[in-house]
Amino acid sequence: KTETQGMVVAEAMAAGTPVIALDATGVREVVEDGVNGRLLAGDSPQNEFADAIESFFKDRERAESWHKAALQTALEFDRLVCAQRLVELYSSVYNISPFKKQASMDDIFGNWEEVLKSLRIEWEMLSRKINAVAKTLQSSK
């Protein structure tokens, strides 16, 4: 009933899989009801969940639209995009801190290039795994 960070949802969408899930924190930040998946009320009966899945598979046009939207949504959760958002957040906090000293960009971002390099490597490995799973799923159809 909960997904605290929405990572599983974003990972599914990175594989082009629209998500049908309960409307909960972490999920609602990723799934846009009727656009890239479906959000159901937390107290939905199981048959409503099954009906949503069945409806999705019966409407090929909607399935294709949700598939494309899921891939687009996944880009918003790309590690580099999220890292940039984090840098922007930290920068904004730093800039309003009453305790800040006069600092250079090197003081603030010291090893940032190393962090980005590590994130790129992690992302490449994750992308390869997702592509392998997607190819396996497509070949089993």
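Predicted model, so just to flag it, every value in this text is computed and none were measured.
Connection of Phe49 to Trp66 is established within a shared hydrophobic cluster, with ILVMFWY side chains joined at heavy-atom distances below 4.5 Å, either directly or through further cluster members. Both Leu22 and Ile53 sit in one connected hydrophobic cluster of ILVMFWY residues. Membership requires side-chain heavy atoms under 4.5 Å apart, directly or through other members. With hydrophobic clusters built from ILVMFWY side chains whose heavy atoms lie under 4.5 angstrom apart, Leu119 does not share a cluster with Val81. Leu71 and Phe56 fall into different hydrophobic clusters, where Ile, Leu, Val, Met, Phe, Trp and Tyr are joined by side-chain heavy atoms under 4.5 Å apart, directly or via other members.
How far CZ of Phe77 is from CD of Glu11: 12.0 Å, rounded to the nearest 0.5 Å. Expressed to the nearest 0.5 Å, how far OG1 of Thr17 lies from NE2 of His67 amounts to 8.5 Å. Here the straight-line distance linking atom CD of Glu32 with atom CD of Gln72 works out to 12.0 Å at 0.5 Å rounding. Put simply, CG on Leu75 and CG on Leu80 are 11.5 Å apart, with the number rounded to the nearest 0.5 Å.
Under the salt bridge (charged side-chain N to carboxylate O under 4.0 Å, His left out) criterion, Asp51 pairs with no residue at all, not counting sequence neighbours.
Side chain of Asp33 to backbone of Leu39: a donor-acceptor contact under 3.5 angstrom is found. With hydrogens and angles disregarded, no donor-acceptor distance shorter than 3.5 Å links the side chain of Ser65 to the backbone of Glu61. Listed for the Asp59 side chain is no donor-acceptor partner under 3.5 Å among the backbone atoms of Ser55. With Glu29 contributing its side chain and Gly26 its backbone, the two residues share a donor-acceptor pair below 3.5 Å.
Counting heavy-atom neighbours within 6.0 Å of Glu124 CD, excluding the residue itself, gives a total above 12.
Of all heavy-atom pairs spanning Ile20 and Ala52, the tightest one is CD1-O, 3.6 Å. Here the closest heavy-atom approach between residue Thr25 and residue Arg28 is recorded as OG1-NH1, 3.4 Å. Contact between Val9 and Val30 at its shortest, heavy atoms only, is CG1-CG1, 3.5 Å. The nearest pair of heavy atoms linking Ala10 to Ala74 is O-CB, 4.1 Å. Residues Pro18 and Ala63 approach most closely at CG-O, 4.4 Å, considering heavy atoms.
In this structure, Glu48 and Leu40 have side chains that are in contact, with non-hydrogen atoms separated by less than 4.5 Å. Residues Glu64 and Arg60 fail the side-chain proximity criterion, which asks for heavy atoms closer than 4.5 Å.
In summary, of the residues considered (Leu137, Ile130, Asn131), a side-chain contact (heavy atoms from CB on, under 4.5 Å) with Val133 occurs for Leu137 alone. Each of Arg85, Arg79, Gln84 was evaluated against Cys82; a single residue qualifies, Arg85, per the side-chain contact (heavy atoms from CB on, under 4.5 Å) test.
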For this session: Please test Val19 against Met13 for side chain to side chain contact (heavy atoms under 4.5 Å, CB included), starting from the C-alpha separation and ending with a verdict.
Result: CA-CA 7 Å; Val19 174; Met13 289 190 179; 4.1 Å; yes
